[in-house]
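Please read the structure below before turning to the comments.
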Protein chains: 2
Amino acid sequence: MSSVFKALSDPTRRRVLEMLRDGPKSAGELASAFDVSKPTMSAHFAVLRDAGLVASEKDGKSVFYHLQMSVLEDALFGFAQTFGWERREDRSATGRPALKEGNP
Amino acid sequence: MSSVFKALSDPTRRRVLEMLRDGPKSAGELASAFDVSKPTMSAHFAVLRDAGLVASEKDGKSVFYHLQMSVLEDALFGFAQTFGWERREDRSATGRPALKEGNP
DNA sequence: CTCATAAATAGACAATTAGCTAATTATCGA
DNA sequence: TCGATAATTAGCTAATTGTCTATTTATGAG
């Protein structure tokens, strides 16, 4: 739980998660959207991966990252529930929305 | 936003927020529930205050802290909304539940 | 095999963090 | 006014963080 909130405390990492909302993206593709070096981005990816918020998959020379929505959901709403908030049940039972609307 | 998540990334601070769920508590009262020094707790309170998650009020020799639910709510659900989640509208229109609602 | 490309690792550095003890400030009661 | 109590500030340390450049690893193309 701490590691998730820690990961979310950096604006670059939050933007990475937002970029992954609609489907996987490669490390380079993500990195090019930010004004920091690639090794720095690599470190950010590692923080997100260690927190369980993203998972990576190698494809050829590239590494693709994708969101782990359920982990994000559990942290956000798990904590919120402590304060009496509930989330609306408007998604699939897994809590994982389709990655990429065209994906099988 | 970053400062809120940063504040939430520490388990001691999350527990402080939970202790404040049901109403204000003094700094000493809060501190005595943890196994760290009072100055350390004071620093945690400052982080929570700077993030806007709590507000303080002096009463005699004591300082009482209370939750700022709306700030917590805005951070948690504001970010969640980016990912398509919505919270159930089951609280007052202000989003601020009564403090001490269940207190005997 | 060799070269170019994608990404991660290594190593360094300044800034921040969580923790401590000691000192300070503010308030109350006698 | 004096002494006790509540809380914060000051000053320190060790660990962690975000950033960089340089290097290494892995893969695909020729």
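Hydrogens, waters and symmetry mates play no part in the numbers below; they use all other heavy atoms, side chains included. By convention in this document, chain letters (A, B, ...) are assigned in the order of the sequence lines, proteins followed by strands, and residues within each chain are numbered from 1.
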Examine C:dA8: is either OP1 or OP2 under 4.0 Å from a nitrogen or oxygen in the side chain of A:Y65? Give yes or no. yes

Transitive ILVMFWY side-chain link A:L8 to A:F79, under 4.5 Å: yes

Can you tell if the side chain of A:F83 reaches within under 4.5 Å of the side chain of B:L67, non-hydrogen atoms only? yes

Taking only residues two or more places apart in sequence, or in another chain, which ones meet B:S37 in a side-chain hydrogen bond (donor to acceptor under 3.5 Å, both in side chains)? B:T40

Per-pair distances, 0.1 Å, donor-acceptor, side chain in residues 42-57 of chain A, under 3.5 Å, sequence neighbours excluded:
residue: A:H44; atom: ND1; partner: A:R13; partner atom: NH1; Å: 3.1
residue: A:R49; atom: NH2; partner: A:Y65; partner atom: OH; Å: 3.2

Keeping to residues at least two apart or across chains, list the side chain to side chain donor-acceptor pair (under 3.5 Å) pairs with something in residues 25-35 of chain A. none

Considering every strand and a 4.0 Å limit on heavy-atom distances, what is the contact class for B:T12: base, sugar-phosphate, or nothing? nothing

Counting only non-hydrogen atoms, which of residues 27-42 of chain B are less than 4.0 Å from DNA chain C? B:V36, B:S37, B:P39, B:T40

Contact between A:R14 and B:S2 at the side-chain level, heavy atoms closer than 4.5 Å - yes or no? yes

Hydrophobic cluster membership, B:W85 vs A:L20, 4.5 Å side-chain cutoff: yes

In whole angstroms, the gap separating P of C:dA7 from CD of A:E57 amounts to 14 Å

Outermost DNA chain D nucleotides near chain A [under 4.0 Å, heavy atoms]: D:dT17 to D:dG28

Select from A:K6 and B:S56 the residue whose nearest nucleotide in DNA chain D is closer to the 5' end of that strand. B:S56

Go nucleotide by nucleotide along DNA chain C from the 5' end; which of B:K61 and A:V63 gets its closest nucleotide reached first? A:V63

Checking A:R15 now: which residues fulfil side-chain hydrogen bond (donor to acceptor under 3.5 Å, both in side chains) with it, not counting sequence neighbours? none

